[in-house]
Amino acid sequence: MLTEEQKNIYSKDGYVILPSVIPQNNLLAMVNDLNQWIEESKSQKNNYGETKNGKSRFDLEEGHSANNPKLRRVANPTDISEAYRNVLFEGPAIDAIVDLIGPDVKFHHCKLNIKLPGMKTRVDYHQDQPFDMHTNDDHLTLLVLLDDMNEENGCLKILKGSHIGPRYSHYEGDEFVGKVSEKIQEICRRDASNIEGRAGDICLMSTWCLHGGTANLSSKPRRMLICDYTSADNFPLMPPIVPADETGRIVAGKATRKIRFREGILELPKHYKSDSFFGAQGQKGTVKDSM
Ligand SMILES: O=C(O)CCC(=O)C(=O)O
């Protein structure tokens, strides 16, 4: 499905954007479920909904209310929605992933990041693998745009080529803060490229890419689905931070008992207490959410 040029872009930059990959009916079904979850959140004051590790599934930004809903994250929508399973376990996005880390591919976990107009949620620069260390680097993050996304509504930003290294610490002293140091953040804020596109586009990004995103300053929503996959011979070095019912599910090819290792030194994260990584990064949620 990917051209040689697109594969080369992924190798060189650490990510590639593919336009119009998600069929319109799948996109609409996902957006409908999400609209319903936003509607349901209006009757809630604190984070709510159970996930596999006892954390809340629905994570609310500080100041959330019925009139001004601020649902910022839904953990593993595949646990509760067929619409999301239909896109993340089969179909064209999986075909594209197979071209980069296949033929045998495993699902790890997924989440929705939501930036509605007026919300403050931002994402400080980080790499994804330090949250879920694995035995090798055939590990990527699929981003599915559920809305048109650009600088104004808080698009994702990626530092080109940062997947090549170094592997940055996401600690401040002994505390796992889920972001890189201020010095590296500054470089990212200066040099990172905008990931802009239309609803239904996807971006495939190495889990070593430095990336983040500013708040939505526009009157349009910015909702994005984020999903991690690995090659089948890539094994987690720790229990997932956001475990899904289907973590480890083979979505292409076949399973293996053989583990492929990389060389080098990795720094394991700590499982943060808050319901989502926004708490670990120091952004306030509702009172129930311990930081
Ligand atoms: O939502 C965004 O703008 C960035 C999301 C992200 O980087 C993440 O959740 O890992």
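Indexing begins at 1, ligand by ligand and atom by atom, following the structure's order.
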Phe277/Tyr272 aromatic ring centres below 6.0 Å: no
Set of residues satisfying ring-ring contact (aromatic ring centres under 6.0 Å, His included) with respect to His139, sequence neighbours excluded: His134
Arg262/Asp137 ion pair, N-O < 4.0 Å: yes
Any Phe131 heavy atom less than 4.0 Å to ligand 1: no
Top protein contact for atom 2 (C) of ligand 1, by heavy-atom distance: Arg222 NH1, 3.3 Å
Over-ring placement of Lys270 relative to Tyr171, 6.0 Å and 45° cut-offs: no
Under-4.0 Å heavy-atom contact with ligand 1, by part of Asp128 that carries it: side chain
Nearest protein heavy atom with distance in Å, relative to atom 4 (C) of ligand 1: Leu156 CD1, 3.3 Å
Any Arg122 heavy atom less than 4.0 Å from ligand 1: no
Heavy atom of the protein closest to atom 5 (C) of ligand 1 (residue, atom name, distance): Asn113 ND2, 3.0 Å
Short side-chain donor-acceptor distance under 3.5 Å, Ser65 and Asn67: no
Arg72 bridged to Asp59 by N-O distance under 4.0 Å: yes
Ligand 1 to Arg73 polar contact by distance, N or O atoms, under 3.5 Å: yes
Trp37/Tyr84 aromatic ring centres below 6.0 Å: yes
For atom 7 (O) of ligand 1, the protein heavy atom that lies nearest, with its residue and separation: His211 CD2, 2.9 Å
Heavy-atom gap His126 to ligand 1 smaller than 4.0 Å: yes
Contacting atoms of ligand 1, where contact means under 4.0 angstrom from a heavy atom of Ile226: 5 (C), 8 (C), 9 (O)
